[in-house]
A.B. asks: 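Have a look at the structure that comes next, please.
These figures come from a predicted structure and were not determined experimentally.
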Amino acid sequence: MNPLTLSLVLTTMISGTLIVMTSSHWFMIWVGFEMNMLAIIPLLTKEHNPRSTEAATKYFLTQATASMLLMMAAITNLLYTGHWSIMKLINPTASIMMTMALTMKLGLSPFHFWVPEVTQGIPLMSGLILLTWQKLAPLSVLYMIMPLINMNILLIMSLMSIAIGGWGGLNQTQLRKIMAYSSIAHMGWMLAVLAYNPTMTLLNLYLYIPMTITTFMLLMINSTTTTTSLSHTYNKLPLITTLILITMLSLGGLPPLTGFLPKWAIIQEMTKNSSIIMPTLMALLALLNLYFYTRITYTTSLTMFPTANNMKIKWQFKNSKQTMSLPLMITISTLTLPLAPMMMILD
Amino acid sequence: MLKIIIPTVMLIPLTWLSKSNMLWINSTMYSLMISMTCLPLMNQFCDNSLNLSMLFFSDSLSTPLLMLTTWLLPLMIIASQHHMAKEPPTRKKLYITMMILLQIFLIMTFSATELIMFYILFEATLVPTLIMITRWGGQTERLNAGIYFLFYTLAGSLPLLVALIYTQTTLGSLNLLLAQYWIDSSTHIWGNSLLWLAYMMAFMVKMPLYGLHLWLPKAHVEAPIAGSMVLAAILLKLGGYGMLRITMMLSPTINFMAYPFMMLSLWGMVMTSSICLRQTDLKSLIAYSSVSHMALVIMAILIQSPWSFMGATALMIAHGLTSSLLFCLANSNYERTHSRTMILARGLQMILPLMAAWWLLASLTNLALPPSINLIGELFVTVSMFSWSNFSIILLGINIIITALYTLYMLIMTQRGKYTYHIHNIKPSFTRENTLMSLHLVPLLLLMISPKIILGTTY
């Protein structure tokens with residue numbers, strides 16, 4: 001893309017999110033969301049093929065609907081309370097509508113249907129931005145209105161998301177769809193603890209973003225989007241197979257890797273608040289996620305899949321992909337569990 | 001404890017920076033030296049544990065298991081030399097790194113004071129083992145084996161995490177040193193039963209209990225030799241160790257919860273021993289015999305009497321050494337015939353007489369011949385089970401007989417009789433293999449002299 005256009009688009013997208021995160025007026029939050037959505041559409045259609053157009057259209061329609069729901073909720077609140085401030089979303093109708101709108105933007109169940117299809121149709125870099133940066137704005141609004149959200153809806157939606165994120169990803173071999181379902185499940189975990197201790201939501205977000213960035217960067221190095229082509233990695237870049245192994249296991253939440261920390265913290269917060277069945281169910285459903293991550297590691301690192309190449313290794317060229325600070329990301333996303341006591345002080 | 005952990009961690013740079021021809025020698029020798037460092041921990045107080053720091057402690061239950069863990073690493077490295085000989089140096093180093101990583105996690109698990117740290121490391125031992133089984137196993141079934149292993153264990157242990165955190169929030173601390181002073185006076189509400197279940201299921205799956213044991217034959221059979229050794233010798237004992245620690249904490253009034261597991265263990269013990277009589281696969285036979293011995297340990301821990309705890313601990317150590325020894329012997333067969341079928345390598349006594357001596361000693365200890373420590377374990381368990389319920393002696397007696405039967409079956413099938421005609425061009429026993437077997441047997445036989453160090457906390 002033309003660098004000028006790219007910088008314009010990225011600036012608008014970033015400033016849209018920043019407007020959302022720093023506003024206290026519902027109208028400005030709506031403005032921020034709209035700016036964000038409109039600016040990302042060119043990024044989604046970077047490749048000019050019909051699949052990208054379809055993905056961008058689906059994204060636009062769901063996000064526009066969600067923004068309109070958000071506006072409706074804000075105006076309902078205005079009707080009943082007489083002001084636009086976001087701190088006082090007291091009316092239950094407005095609160096429920098707002099929660100629906102924001103979870104639609106996040107891609108939580110039962111509004112998750114757009115996530116796999118949009119993620120599948122766009123290039124890997126755009127998918128990365130979609131699954132990480134776009135989560136910041138809705139989650140910050142949810143964090144701000146947290147005391148007034150109806151807990152039943154939140155918990156049901158998060159449990160359904162974890163279940164659907166788990167079961168939905170089981171039948172996938174397309175890596176972007178797998179990452180989409182992974183995002184649905186992780187969003188479910190994040191929202192489950194929102195009512196109890198929103199700091200843990202943020203902790204999960206802060207660890208989910210590096211893990212997803214790492215995964216996408218590893219996929220971008222190989223330029224692969226299917227499990228089959230990822231399984232050829234041992235032939236091209238054998239070190240990457242080890243990195244994929246530990247990143248996938250970390251995403252699945254396996255100790256002693258970092259991915260275990262958000263799950264542990266969330267289970268701890270929920271148990272402290274005498275909710276025991278819910279975290280057990282969530283933890284067991286997270287095993288489904290672990291299954292398809294382990295399946296990816298099986299095809300990639302732990303076995304040598306048949307390839308068309310007869311040589312032990314292919315030619316290794318200089319890496320031309322943008323993999324900004326991959327070692328740092330890998331360290332953050334796999335090795336920071338010993339820092340857990342430090343993160344618990346966020347309590 | 002750091003004097004054991006830091007050298008073990010430094011074994012990893014040792015592996016990666018060794019020259020290719022010194023790789024095996026270096027790692028074996030230094031890991032043997034580290035196991036010597038563990039020996040001073042045996043100097044235990046009789047009424048208290050060695051409280052080394054805020055994070056690590058060692059008492060007379062964890063010390064024998066620690067010794068077993070550190071003793072086993074050089075043995076695993078010795079055993080892996082042959083089948084790794086043709087791999088490129090990077091992969092050899094990766095394999096040894098996996099073993100060392102596993103060792104680090106195991107040392108920390110056995111000496112952890114805080115139960116959540118125990119849990120994290122308990123789960124952490126799964127990752128290197130999974131990698132060892134799936135990457136370096138022999139057959140295609142290893143993929144399935146890895147999945148079964150991972151998911152059975154995880155599904156059992158996630159409720160344990162929730163239960164541990166719940167106990168931490170209600171009781172305030174999960175430090176094991178404090179746990180011995182709690183008096184749990186909980187009433188008989190069904191929530192407490194669920195809590196007991198949540199605690200125990202993780203360890204039941206790990207032991208394994210009879211109904212949940214499907215992962216074990218798969219994992220043991222498909223794993224490479226080092227994987228089989230560490231699985232049989234140590235990882236099963238993690239379950240036993242966990243159960244021994246937790247039952248001190250849980251309410252003694254929840255004894256009725258133990259009955260289903262007692263039934264499963266009693267019946268499963270006899271069932272898995274009987275299956276051993278009909279196995280054609282040598283490693284599978286040893287795997288099922290592990291299930292049978294561990295069922296004894298489960299029963300001993302569930303009755304919670306001082307003698308049974310002694311028997312459980314002794315049986316864990318004895319079974320660890322014996323099972324690992326049997327797997328090494330089976331592997332020496334596998335490396336020669338590349339098949340695990342028992343009848344393909346018969347009459348080995350004629351051809352490899354020294355190995356036959358090791359087979360004989362291994363079989364004798366497996367069937368709990370007096371005065372070996374296996375006998376001490378089984379005897380203590382049998383006696384305390386008899387005192388718990390007179391009728392259990394029937395099943396226990398049947399199990400002892402069937403254990404003897406299948407062990408002798410295995411011995412006679414592989415060693416005695418006429419050798420097969422295709423066996424005469426196998427390589428003779430390597431010194432390395434004889435060393436391996438004798439390094440297994442020497443602790444086993446020497447412990448006969450002073451078994452009190454493996455009798456655990458209630459001695």
A.B. asks: Given that the side chain runs from C-beta out, which part of B:Leu158 has a heavy atom under 4.5 Å from chain A: side chain, backbone, both or neither?
C.D. replies: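 The side chain, not the backbone.
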
A.B. asks: For residues 216-223 of chain B, dump all side-chain donor-acceptor pairs below 3.5 Å to protein atoms at least two apart in sequence or in another chain.
C.D. replies:
residue, atom, partner, partner atom, Å
B:His220, NE2, B:Ala232, N, 3.4

A.B. asks: Using side chain to side chain contact (heavy atoms under 4.5 Å, CB included), reason through B:Gln168 and A:Lys272 one step at a time and then give a plain yes or no.
C.D. replies: CA-CA 9 Å; B:Gln168 189 179 34; A:Lys272 272 191 201 163; over 6 Å; no

A.B. asks: Is B:Leu94 close to chain A through its backbone or its side chain, or both, or neither, when contacts mean heavy atoms under 4.5 Å?
C.D. replies: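 Neither part; nothing is under 4.5 Å.
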
A.B. asks: Working to the nearest 0.5 angstrom, can you tell me the gap between A:Leu257 CG and B:Ile120 CD1?
C.D. replies: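 With rounding to 0.5 Å, CG (A:Leu257) is 11.0 Å from CD1 (B:Ile120).
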
A.B. asks: Output the residues of residues 242-250 of chain A for which the shortest heavy-atom distance to chain B is under 4.5 Å, in residue-number order; output 'none' if no such residue exists.
C.D. replies: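 Result: A:Leu245, A:Leu249.
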
A.B. asks: Select all residues of residues 179-191 of chain A having any heavy atom within less than 4.5 Å of some heavy atom of chain B, and report them by number, or 'none'.
C.D. replies: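 When heavy atoms of chain B are the reference, residues 179-191 of chain A contributes no residue within the under-4.5 Å range.
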
A.B. asks: Counting heavy-atom pairs under 4.5 Å to chain A, which of B:Leu154, B:Leu143, B:Leu161 comes out on top?
C.D. replies: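 Heavy-atom pairs under 4.5 Å are most numerous for B:Leu143.
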
A.B. asks: Counting only heavy atoms closer than 4.5 Å, note whether A:Ser301 contacts chain B via side chain, backbone, both or neither.
C.D. replies: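 For A:Ser301, the backbone is the part near chain B, not the side chain.
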
A.B. asks: Which bit of B:Tyr119 comes within less than 4.5 Å of chain A, counting heavy atoms only: side chain, backbone, both or neither?
C.D. replies: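 Interface part for B:Tyr119: side chain.
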
A.B. asks: To the nearest 0.5 angstrom, please state how far the OG1 atom of A:Thr303 sits from the CZ atom of B:Arg142.
C.D. replies: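 Between atom OG1 of A:Thr303 and atom CZ of B:Arg142 there are 7.0 Å.
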
A.B. asks: To check you understand the geometry: which heavy-atom pair defines the closest contact between B:Val127 and A:Pro256, and what is its length?
C.D. replies: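 That closest heavy-atom pairing would be CG2-CD, 4.5 Å.
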
A.B. asks: Would the distance check show the side chain of A:Tyr298 and the main-chain N or O of B:Ile147 forming a donor-acceptor pair, the cut-off being under 3.5 Å?
C.D. replies: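 Indeed, once roles are kept as given, a pair shorter than 3.5 Å links the two residues.
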
A.B. asks: Roughly how far, to the nearest 0.5 Å, is the OG1 atom of A:Thr280 from the OH atom of B:Tyr166?
C.D. replies: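 Between atom OH of B:Tyr166 and atom OG1 of A:Thr280 there are 12.0 Å.
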
A.B. asks: In terms of heavy-atom proximity below 4.5 Å to chain B, should A:Met270 be classed as side chain, backbone, both, or neither?
C.D. replies: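 For A:Met270, neither part sits under 4.5 Å from chain B.
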
A.B. asks: Counting only non-hydrogen atoms closer than 4.5 Å, can you tell me which residues of residues 287-294 of chain A sit against chain B?
C.D. replies: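 Those residues of residues 287-294 of chain A which have a heavy atom under 4.5 Å from chain B are A:Leu287, A:Leu290, A:Tyr291, A:Thr294.
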
A.B. asks: Does B:Thr134 reach the side chain of A:Thr297, with side-chain heavy atoms less than 4.5 Å apart?
C.D. replies: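 No - every pair of side-chain heavy atoms lies 4.5 Å or more apart.
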
